[in-house]
A.B. asks: 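The structure is given below, and queries will be raised subsequently.
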Amino acid sequence: MNTLKISEDVLYVGVNDFTTRLFESLWPLPNGVSYNSYVVKGEKTALIDTVEINHLPEMLEKFEAHGIASLDYLIINHMEPDHSGSIAKITERFPNLKIVGNRLTVGMVKGYYGIDDDARYEVVKDGDTLDLGAGKVLTFQTIPMVHWPETMVTWLADERILFSGDAFGTFGALGNGIVDSEISNFPTFVDEMYRYYACIVAKYGPQVQNALKKLAGLDIKYICSTHGPVWHDHAAEVVSIYDRLSSNQSEAGVTLIYGSMYGHTGKMAEIVAKRLEERGVTVKRHNAATSDLSEILADVWRYRGVVMGAPTYNTQIFPPVAGALHALQARGLKNRIAGAFGSFTWAGAACKLLTEGLTAMGLEMPAESVEMKMELTPEITGKLQQMADTLADAVLNN
Ligand code: FEO
């Protein structure tokens, strides 16, 4: 069992989840996930966030292993139930514990967990501090909508530790180490960070930018997020990844999202992909009917180009591709170079609807969309290659 310490007075009491298949009942967890909680010891003791309710016993085992017999405060940085789920049980177990959160947090604790006694709460606002004694002073900074309205971070100045909530989080359970300097699979956590950001946080890029500006003055030694490793060696890199993703920066490459019932639209996708690759463009192909949406979103948030193609189905976009388009729209994708193609047998709709959908997001569409009736012709092949050439120019030179 991990009972690791970040420092003598900052303890890890989080847990690994290797069994949940879908995070939020949506996103696959092939590498598991951790729900991170921390204890800060001064003259008084504070727990920062709890864990998902099914994993409370493991958290309590860690309390025991660390010799934590009492808690004075529960600091709540974030109320989503993967972190708040054990609040009711923790407050029952430690009846004198004060719940520390902002006004919005308190409303959510009351709503979710029915803890209505106002005497149990210590309501804080942006910039307030809590002195635990022995030099341990916690400062609270709100970071609204990263990615819930009540979210805040907690700064422990004397150790230069930022308890960041979901910010800088990633999928992936922790192995034998808690701090990144102890782990050997940093690249996996980076890949999972793209997926985590794109699925969970992406809609709130402007708010992440606000948070990064607000926290820019802190001389951070450790970032203790609620998911994934404690960032120390890679802290600057991780902040940079969140900065790039939340400001819509991208790498030269194209995410090609397509659907195909009988292979005809698939052939269109292959022509586009082949030409892009011949032009030196990285292409991430996703058959929307078989790729997981989380992988599609991670690539879209990473690469500059997004090309979507679909057959017409019941006068609409083939449903798996329509679902992917909706996921991009719902997250407010910006600053991408887009292309569209589609097919039909008797009445075309998918190509037009994809073009309209991508245009409505404000994406640049430098190439004419390509629509095919039934089967490829030399003319359609030429148009697709021309579209790929135009997109390659835009992606490589943008
Ligand atoms: Fe990990 Fe937004 O909860």
Side-chain angles (χ1 to χ4, degrees), residues 12-38 47-56 58-59 74-88 90 99 101-102 104-109 111-113 140-154 162-174 178 189 192-208 210-212 215 223-231 238 241-242 245-246 294 297-298 301 327 330-332:
Y12 181 84
V13 291
V15 301
N16 280 321
D17 182 349
F18 292 107
T19 54
T20 297
R21 290 184 64 236
L22 297 175
F23 189 79
E24 295 183 342
S25 288
L26 285 170
W27 315 112
L29 293 170
N31 301 299
V33 67
S34 67
Y35 311 114
N36 297 338
S37 299
Y38 306 91
L47 171 66
I48 301 182
D49 289 314
T50 72
V51 297
E52 199 272 339
I53 183 65
N54 293 315
H55 295 270
L56 177 61
E58 295 148 64
M59 184 195 212
L74 166 60
I75 316 294
I76 302 176
N77 279 336
H78 182 28
M79 273 300 296
E80 194 166 7
D82 52 332
H83 310 294
S84 72
S86 298
I87 286 176
I90 289 288
I99 300 170
N102 58 60
L104 295 175
T105 314
V106 172
M108 290 183 187
V109 177
Y112 269 114
Y113 305 110
F140 308 107
Q141 300 275 0
T142 57
I143 54 165
M145 298 315 301
V146 182
H147 62 121
W148 276 29
E150 86 301 355
T151 44
M152 63 181 200
V153 299
T154 300
L162 181 70
F163 299 95
S164 66
D166 280 355
F168 313 116
T170 177
F171 292 134
L174 303 175
I178 300 302
F189 281 109
E192 286 287 67
M193 183 172 285
Y194 277 89
R195 210 166 59 87
Y196 178 84
Y197 183 91
C199 295
I200 311 294
V201 187
K203 180 175 172 58
Y204 304 104
Q207 290 84 354
V208 174
N210 290 340
L212 290 172
L215 304 175
I223 298 174
C224 293
S225 153
T226 44
H227 298 292
V230 170
W231 303 118
V238 164
I241 291 171
Y242 265 71
L245 287 168
S246 59
S294 68
L297 292 174
W301 255 261
R331 286 163 178 75

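All heavy atoms count here, side chains included; hydrogens, waters and symmetry mates do not. Position 1 is the first residue of the sequence, and the numbers go up from there. Order of listing sets the numbers, starting from 1, for every ligand and every atom in it.
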A.B. asks: Could you pull out the atom name of the N/O/S atom in H147 that is nearest atom 2 (Fe) of ligand 1?
C.D. replies: NE2
A.B. asks: Residues in ring-ring contact (aromatic ring centres under 6.0 Å, His included) with Y196, at least two apart?
C.D. replies: F171, H227
A.B. asks: Is there a donor in the side chain of D166 and an acceptor in the side chain of T226, or the other way round, less than 3.5 Å apart?
C.D. replies: yes
A.B. asks: Rounded at 0.5 Å granularity, tell me how far CH2 in W231 sits from OG1 in T170.
C.D. replies: 6.0 Å
A.B. asks: Do H83 and N77 have side-chain N/O donor and acceptor atoms under 3.5 Å apart?
C.D. replies: no
A.B. asks: Which residues satisfy the ring-ring contact (aromatic ring centres under 6.0 Å, His included) test with F168, sequence neighbours excluded?
C.D. replies: Y242
A.B. asks: May I ask you to list the protein N, O or S atoms found at less than 2.8 Å from atom 1 (Fe) of ligand 1?
C.D. replies: D82 OD2, H83 NE2, D166 OD1, H227 NE2
A.B. asks: Residues in salt bridge (charged side-chain N to carboxylate O under 4.0 Å, His left out) with E150, at least two apart?
C.D. replies: none
